[in-house]
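Let me begin by presenting the structure, written as structure tokens, before commenting on it.
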Amino acid sequence: FEEVFHGKLFKDNQISKIFVLWKDLEENTYFSTGTAIDSGIKYNENTNKGETFMDRKTIKDSLITGFAVFAIFFGAGNLIFPAAVGLSAGDQWPAAMLAMILCGVVLPFLALVAVANTGSSWSDLCKPVGTWYDKGVFFVATVGMVILSNLPRTAATTHEVAIAPLFPSCPVWVTSVIFFALVLFFAFDENNIIDRIGKYITPLMLVFLIIIVGKGLITPLGTPEPTGQEHVFKSAFVELYYTGDLFSGLFVSTIFLTDLARKGYETQEERKKMTVKAVWVAGIASVIVYSGLLIMGADAVKLFDQGIDRTTLLAEMVRMILGKFGTIALSASAALACLSTASGLVGISAAFLENMTKKKVNYRTWVIGLCIFGAAMACIGVENIISVAAPVFMLLYPSGLAITVLGLFKKYVPNDGAFKGAVIGAVIAGIIDCLDTLGVSAAGEVMGYMPLASLGFGWILPSIIGFAIGWAVGKKETEKTH
């Protein structure tokens with residue numbers, strides 16, 4: 001209000017915002033019945049109404065953005081992995097749950113906050129490291145994680161979990177075409193992705209998921225039993241790599257922060273506060289759903305073989321718990337979860353590719369191209385899609401984790417050299433992990449010497465060493481400059 005009444009918005013060439021605010025206030029009777037007069041704007045003397053208006057707007061925006069965050073993150077992998085993790089862990093499910101919440105909820109959502117803490121995009125977070133890391137990782141992740149894995153997996157999961165149980169004779173290509181036609185609708189207008197997802201998709205999806213999880217916990221399929229699995233925490237932690245949620249948080253953050261700016265949160269501090277609120281909304285919903293699905297899997301140890309496909313496990317569990325209604329509820333949940341994730345992935349990938357081609361190929365053309373490719377790639381099936389992209393996830397995740405932590409505590413990092421060195425150390429660890437995944441035994445032996453490697457944190461020591469070296473180099477360069 002102070003900005004409007006003292007003319008700051010006029011100076012900033014944002015006059016249109018005054019009329020938007022005026023319309024909102026007038027419709028909600030925050031102005032008295034009089035109109036604008038020559039001497040100024042006449043408004044209601046009860047300032048509490050203005051505060052109520054802003055509070056209501058903040059709550060509404062927090063919920064819509066939070067629901068959209070949950071919906072974009074909770075996609076194909078998030079639906080099928082928790083139950084499989086629970087089945088593998090058996091009676092050790094608490095350790096698996098801790099790993100899942102850390103890797104699947106805390107770190108991905110903190111990635112959003114890390115970006116908001118350093119600016120408004122992945123590029124802002126990467127500035128201390130350099131363009132080579134910014135563009136290189138985004139390109140590899142876009143191609144290896146999104147285009148070759150997460151995007152087609154959304155349609156493949158929709159078919160295997162949502163469509164095949166209800167319509168067994170429906171071919172996968174039909175599901176893929178219809179699915180990506182809907183993705184095209186949601187992602188085609190980049191300015192309205194968040195509102196469309198947060199207002200329409202998420203509430204419906206949450207209702208179905210809560211019904212499934214609630215019934216599964218009230219009437220369990222059995223009791224958790226020992227499975228003989230070793231390194232439960234690490235196995236669960238690495239399994240959640242394949243959701244790609246950490247990089248979803250780092251890359252998709254641009255969509256949320258841009259949307260918050262469009263809603264009137266103009267300063268970095270305002271957007272950061274709103275991001276934290278939205279993350280709380282999304283985080284609570286995610287923990288409830290993930291934990292419920294994981295426990296349902298742990299309860300079903302005696303009923304399913306350990307080698308069962310993830311999608312088959314989930315579909316059969318829900319059918320046994322809720323019967324035909326469960327199959328329908330799961331079908332709706334899977335379709336909505338995958339649709340929301342695919343829409344967000346297509347949106348951010350198309351925006352990146354548009355910028356990479358310097359807008360010679362525009363956003364909407366990329367959206368169409370990605371939808372066509374995703375529909376074709378989805379036909380190879382979920383398990384095959386996961387195996388194709390596994391080395392890419394192992395390559396990128398260590399540096400993604402490192403840069404998230406550095407972004408969260410940016411003000412405590414002594415100089416850009418320390419920031420850059422820590423990320424480079426994690427990149428080296430990621431290369432070793434990738435080679436290990438590809439079957440290079442020497443790489444596995446090297447990583448085995450790293451502290452905390454058994455928990456999936458072998459990248460920490462190389463990152464700390466890189467931090468120390470970068471700090472020293474950066475300090476020396478600063479001294480030379482002065």
**Request:** May I ask you to test the M317-L221 pair for a side-chain heavy-atom distance under 4.5 Å?
**Result:** yes

**Prompt:** At their closest point, which heavy atom of P391 faces which heavy atom of L438, and how far apart are they?
**Reply:** CG-CD2, 3.6 Å

**Prompt:** For the residue pair S149 and F393, what are the closest heavy atoms and their distance?
**Reply:** OG-CE1, 3.7 Å

**F70 side chain reached by V281 side chain, heavy atoms, under 4.5 Å** = no

**Fill in**
Residues passing the side-chain hydrogen bond (donor to acceptor under 3.5 Å, both in side chains) test with K277, sequence neighbours excluded, are none

**Request:** Measure from the side-chain N and O atoms of T227 to the backbone N and O of S88, and report whether any donor-acceptor pair falls under 3.5 Å.
**Result:** yes

**Message:** To the closest 0.5 Å, what do you measure between CG (L314) and CZ (F304)?
**Reply:** 9.5 Å

**Item:** Heavy-atom closest contact (L112 atom, G249 atom, distance)
**Value:** CD2-O, 3.4 Å

**Taking every non-hydrogen atom, the tightest pair across V213 and I288** = CG1-O, 4.2 Å

**Prompt:** Side chains of L184 and V367: closer than 4.5 Å at any heavy-atom pair?
**Reply:** yes

**Closest non-hydrogen atom pair between I147 and M377, with its separation** = O-CG, 4.5 Å

**Message:** Using a 3.5 Å distance criterion without hydrogens, assess whether the side chain of S349 forms a donor-acceptor pair with backbone atoms of V346.
**Reply:** no

**Asked** Distance-only, no hydrogens or angles: does the D436 side chain make a donor-acceptor pair with backbone N or O of A443 under 3.5 Å?
**Response** no

**Asked** Taking C-beta and beyond as the side chain, do P398 and V427 meet within less than 4.5 Å on heavy atoms?
**Response** no

**Request:** Can you measure from OG1 (T65) to CZ (R271) and round to the nearest 0.5 angstrom?
**Result:** 12.5 Å

**Item:** Spatial distance of atom CE (M394) from atom OG1 (T437) [nearest 0.5 Å]
**Value:** 4.5 Å

**Prompt:** Given side chains that start at C-beta, do those of I431 and L395 come closer than 4.5 Å, heavy atoms only?
**Reply:** yes

**Request:** Sort and list the pairs that fulfil side chain to side chain donor-acceptor pair (under 3.5 Å) and have at least one residue in residues 278-298, not counting sequence neighbours.
**Result:** N78-Y290

**Message:** For D124 and T118, which I'm curious about, is there any donor-acceptor pair between the side chains at under 3.5 Å?
**Reply:** no

**Request:** Would you check if the side chain of Q306 reaches a backbone N or O of L87 as a donor-acceptor pair within less than 3.5 Å?
**Result:** yes

**Request:** Look at the side chain of S463 and the backbone N and O of A422, then say whether any donor-acceptor pair between them is shorter than 3.5 Å.
**Result:** yes

**Message:** Using 0.5 Å steps for rounding, measure from the CG atom of L98 to the CZ atom of F233.
**Reply:** 5.0 Å

**Asked** Which atoms form the tightest heavy-atom contact between G425 and P462, and what is the distance?
**Response** O-CB, 3.3 Å

**Request:** Classify the ring geometry between F352 and F138 as parallel (under 30°), tilted (30 to 60°) or perpendicular (over 60°).
**Result:** parallel

**Request:** Look only at the side chain of T357 and the backbone of E354, and say whether a donor-acceptor pair between them is shorter than 3.5 Å.
**Result:** yes

**Side chain S235, main chain V232, donor-acceptor under 3.5 Å** = no

**Prompt:** Yes or no on side-chain contact (heavy atoms from CB on, under 4.5 Å) for I403 and L250, after CA distance, side-chain angles and deciding distance?
**Reply:** CA-CA 9 Å; I403 203 169; L250 292 170; 4.3 Å; yes

**Prompt:** Could R319 and E316 be called an ion pair, given the rule that one side-chain N must be under 4.0 Å from one carboxylate O?
**Reply:** yes

**Request:** Apply the test side-chain contact (heavy atoms from CB on, under 4.5 Å) to residues W122 and D134: give CA-CA distance (whole Å), side-chain angles for both, the deciding distance (0.1 Å), then the verdict.
**Result:** CA-CA 7 Å; W122 161 254; D134 171 14; 3.0 Å; yes

**Prompt:** Less than 4.5 Å apart, any side-chain heavy atom of I163 and any of F179?
**Reply:** no

**Message:** Using the rule given for side-chain contact (heavy atoms from CB on, under 4.5 Å), can you reason through V276 versus K273, listing the C-alpha separation, both sets of side-chain angles and the distance that settles it, and then say yes or no?
**Reply:** CA-CA 5 Å; V276 171; K273 288 180 179 178; 5.8 Å; no

**Fill in**
Output for pair (K135 NZ, C126 SG), nearest 0.5 Å, gives 9.5 Å

**Asked** Quick one: CZ on R153 to CE on M145, what's the gap to the nearest 0.5 Å?
**Response** 10.5 Å

**Asked** Quick check, are the ring centers of F247 and Y397 under 6.0 angstrom apart?
**Response** yes

**Prompt:** Do V318 and T327 have side-chain heavy atoms sitting under 4.5 Å apart?
**Reply:** no

**Request:** Please assess E160 against D309 for the test side-chain contact (heavy atoms from CB on, under 4.5 Å), listing each intermediate value before the final yes or no.
**Result:** CA-CA 10 Å; E160 294 179 18; D309 286 350; 5.8 Å; no

**Prompt:** Below 4.5 Å, heavy atoms only, C-beta onward: do K272 and T275 meet side chain to side chain?
**Reply:** no

